[in-house]
Peer 1: 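First the structure, which I've put down as structure tokens, then a few questions once you've had a look.
Chain A is the first sequence line, chain B the second, and so forth, proteins listed ahead of strands; every chain is numbered from 1.
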Number of protein chains: 2
Amino acid sequence: MSSKRQLQKESTRKKIIETAYLVYSEQGFNATTATIAKEAGLSHGAIFVHFPSLDELMTCLIEEFGATLTLELHSLVETNKSMEELLRIYLEVLIKHEKFYSRLITERSRLPEEVRMTLANLQSLIAHHFNNVIEREIDKQTVKKIPVHMIFNTWMGLTHYYLLNKDLFSPDTPVLERYREDIISTFLELIKR
Amino acid sequence: MSSKRQLQKESTRKKIIETAYLVYSEQGFNATTATIAKEAGLSHGAIFVHFPSLDELMTCLIEEFGATLTLELHSLVETNKSMEELLRIYLEVLIKHEKFYSRLITERSRLPEEVRMTLANLQSLIAHHFNNVIEREIDKQTVKKIPVHMIFNTWMGLTHYYLLNKDLFSPDTPVLERYREDIISTFLELIKR
DNA sequence: CAATATAATGAGTGAGTACTCAGTGAGCAG
DNA sequence: CTGCTCACTGAGTACTCACTCATTATATTG
């Protein structure tokens, strides 16, 4: 039985997480709990009614984000996707969350241990999907015979490099959107036999 | 005329910068001024006799580091180096400074604006040297015809990816040393025609 | 309509940290 | 030797923040 109170509580909690996502996207992870509360139209103390600590709030936020990403990346699993399709879907999803995702990787060192764990798990999930496709392409002899994990690392390195150096590459507009074609075509050209 | 006082002052200043390098290498850039002072065997206030602010200290530190790296990377300029030699020298130099360098890139978001500028300049210097060699190799048709800056970005992306994820790849031993051969051979294999 | 439970408030607290400044003593000039 | 200079000291200051808690307003229960 969901009373009015329960609903209210639930919705406030959601509001806090959503606001945190937005505030962190804009200001980075040194944004204060006070800012989040204010943006959410709540008192400062309200945060701690719903989350015992800031770390806890961050962990919940990243877990939800991870779940969302996993869902959106779900089409990567379909086995008859080409390499190019795979890369396109992957970038498409990242572009949708670019601001937040790029904060996550540029400021990873500030995040609590547990959050970094969650991120690492997400990454290995993606690796798994990628590796399937890469292996198939190697079998088909369309891709160079290089250890799959190295191909994966090269891809991640390239995309993260653009995200991490956004201020050099494209300070005002989203980097991944701007360089999507460069990134994809370079990578495809590199790995092809 | 260098009086005893002047010499003392100079040596203390040097001591502070050297200690900062070591402390930051070990603890990261959230190490406090108090820690640096203590490690250097000085009072807390001494730091601010030599540097008006922590930002200033960091800027001096990174400028010196940049100068050192540039010097050590100088052999990259020699024009008759092969691609592989180039990569080896580059990694050799980074390995020498791995702890500090990896702090620089993982915690870049914490560094003062000016420091990030200095880093960006260093990077474009390296890019310049690389691009010369890459262009020559493309002319010799030993390397795929891909825009030189994209080849450079792929290389930087790959090495930085290992440094940034050191805790996943190699929590206890230096990453670059451990994966040097993997990184070099993968990259060479990828770019070769 | 009480009586109780609880979501939310916001001024307050304590911990951490860059930076200050009056004081000290070793060097140095006259 | 005397008085001044200045590198250095370290307790103190100012400020930021995550987190607390007595209080308030509102919902729920009987």
Side-chain angles (χ1 to χ4, degrees), chain A residues 1-21 23-24 26-62 103 107 109-116, chain B residues 1-24 26-62 103 107 109-115:
Chain A
M1 185 199 68
S2 282
S3 63
K4 196 170 169 184
R5 264 207 189 133
Q6 293 238 326
L7 287 173
Q8 176 58 29
K9 190 172 183 182
E10 192 59 34
S11 114
T12 304
R13 189 193 146 96
K14 203 174 207 166
K15 179 81 184 166
I16 293 173
I17 290 204
E18 279 167 8
T19 309
Y21 176 89
V23 170
Y24 286 143
E26 292 304 324
Q27 306 187 14
F29 287 100
N30 48 1
T32 66
T33 46
T35 305
I36 295 171
K38 196 179 160 192
E39 281 311 299
L42 290 166
S43 72
H44 192 185
I47 303 268
F48 300 94
V49 171
H50 294 271
F51 303 93
S53 71
L54 176 58
D55 277 15
E56 203 65 35
L57 164 56
M58 283 187 175
T59 305
C60 290
L61 168 58
I62 267 67
R103 293 291 185 186
E107 301 176 23
S109 64
R110 272 184 238 221
L111 302 174
E113 187 56 28
E114 207 183 331
V115 170
R116 278 186 274 173
Chain B
M1 183 199 68
S2 281
S3 63
K4 196 170 172 186
R5 262 200 194 142
Q6 292 237 326
L7 287 174
Q8 176 58 27
K9 191 173 183 182
E10 193 58 35
S11 114
T12 305
R13 190 193 147 95
K14 204 174 206 166
K15 179 82 184 164
I16 293 174
I17 292 203
E18 278 166 8
T19 309
Y21 176 89
L22 292 174
V23 170
Y24 286 143
E26 292 304 323
Q27 308 188 13
F29 287 101
N30 47 4
T32 66
T33 45
T35 306
I36 294 172
K38 195 179 161 194
E39 279 314 297
L42 291 166
S43 72
H44 193 184
I47 303 268
F48 300 95
V49 172
H50 295 272
F51 304 94
S53 70
L54 176 59
D55 277 17
E56 203 64 35
L57 164 57
M58 282 187 174
T59 304
C60 290
L61 168 59
I62 267 68
R103 293 291 184 185
E107 301 176 23
S109 65
R110 271 184 238 219
L111 303 174
E113 188 56 27
E114 207 183 331
V115 171

Peer 1: List for me each residue that meets side chain to side chain donor-acceptor pair (under 3.5 Å) alongside B:Gln8, sequence neighbours excluded, and say none if there are none.
Peer 2: B:Thr12
Peer 1: Without decimals, in angstroms, what is the distance between B:Leu54 CG and C:dT20 P?
Peer 2: 12 Å
Peer 1: Separation of B:Gln27 atom CD from C:dT17 atom P, in whole Å?
Peer 2: 11 Å
Peer 1: How close or far is atom C1' of D:dA7 from atom NZ of B:Lys15, stated in whole angstroms?
Peer 2: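 Rounded to whole Å, this separation is 17 Å.
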Peer 1: Without decimals, in angstroms, what is the distance between B:Met58 CE and C:dA18 C1'?
Peer 2: 11 Å
Peer 1: From the list C:dC19, D:dT28, D:dA18, which nucleotide is the closest neighbour of the side chain of A:Lys4?
Peer 2: D:dT28
Peer 1: Side chain of A:Ser3: nearest nucleotide among D:dT28, D:dA18, C:dC19?
Peer 2: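 Between D:dT28, D:dA18, C:dC19, the one nearest the side chain of A:Ser3 would be D:dT28.
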Peer 1: Suppose the criterion is salt bridge (Lys or Arg N to Asp or Glu O under 4.0 Å): which pairs have a residue in residues 26-42 of chain B, not counting sequence neighbours?
Peer 2: B:Glu26-B:Lys99
Peer 1: Applying side-chain hydrogen bond (donor to acceptor under 3.5 Å, both in side chains) as the test, list every pair that has at least one member in residues 14-24 of chain B; sequence neighbours left out.
Peer 2: B:Tyr21-B:His97
Peer 1: Once each nucleotide of nucleotides 2-15 of chain C is scored for protein heavy atoms under 4.0 Å, what B/S/- sequence comes out, 5' to 3'?
Peer 2: ---BBSBBB-----
Peer 1: Report the residues that fulfil side chain to side chain donor-acceptor pair (under 3.5 Å) with B:Thr32, sequence neighbours left out, ordered by chain and then residue number.
Peer 2: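 With neighbours one apart ignored, the set is B:Thr35.
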Peer 1: From the list D:dT28, C:dA18, D:dC19, which nucleotide is the closest neighbour of the side chain of A:Phe48?
Peer 2: D:dC19
Peer 1: May I ask you to decide if B:Phe29's main-chain N or O and B:Glu107's side chain share a donor-acceptor pair within less than 3.5 Å?
Peer 2: yes
Peer 1: If I take atom CD in residue B:Glu56 and atom C1' in nucleotide C:dC19, what distance separates them, rounded to the nearest angstrom?
Peer 2: 14 Å
Peer 1: Can you tell me the distance, in whole Å, between the CZ atom of B:Arg110 and the C1' atom of C:dA18?
Peer 2: 16 Å
Peer 1: Nearest-Å distance, CG (B:Asn30) to C1' (C:dA18)?
Peer 2: 14 Å
Peer 1: Restricting to side chain to side chain donor-acceptor pair (under 3.5 Å), what partner residues turn up for A:His50, sequence neighbours left out?
Peer 2: none
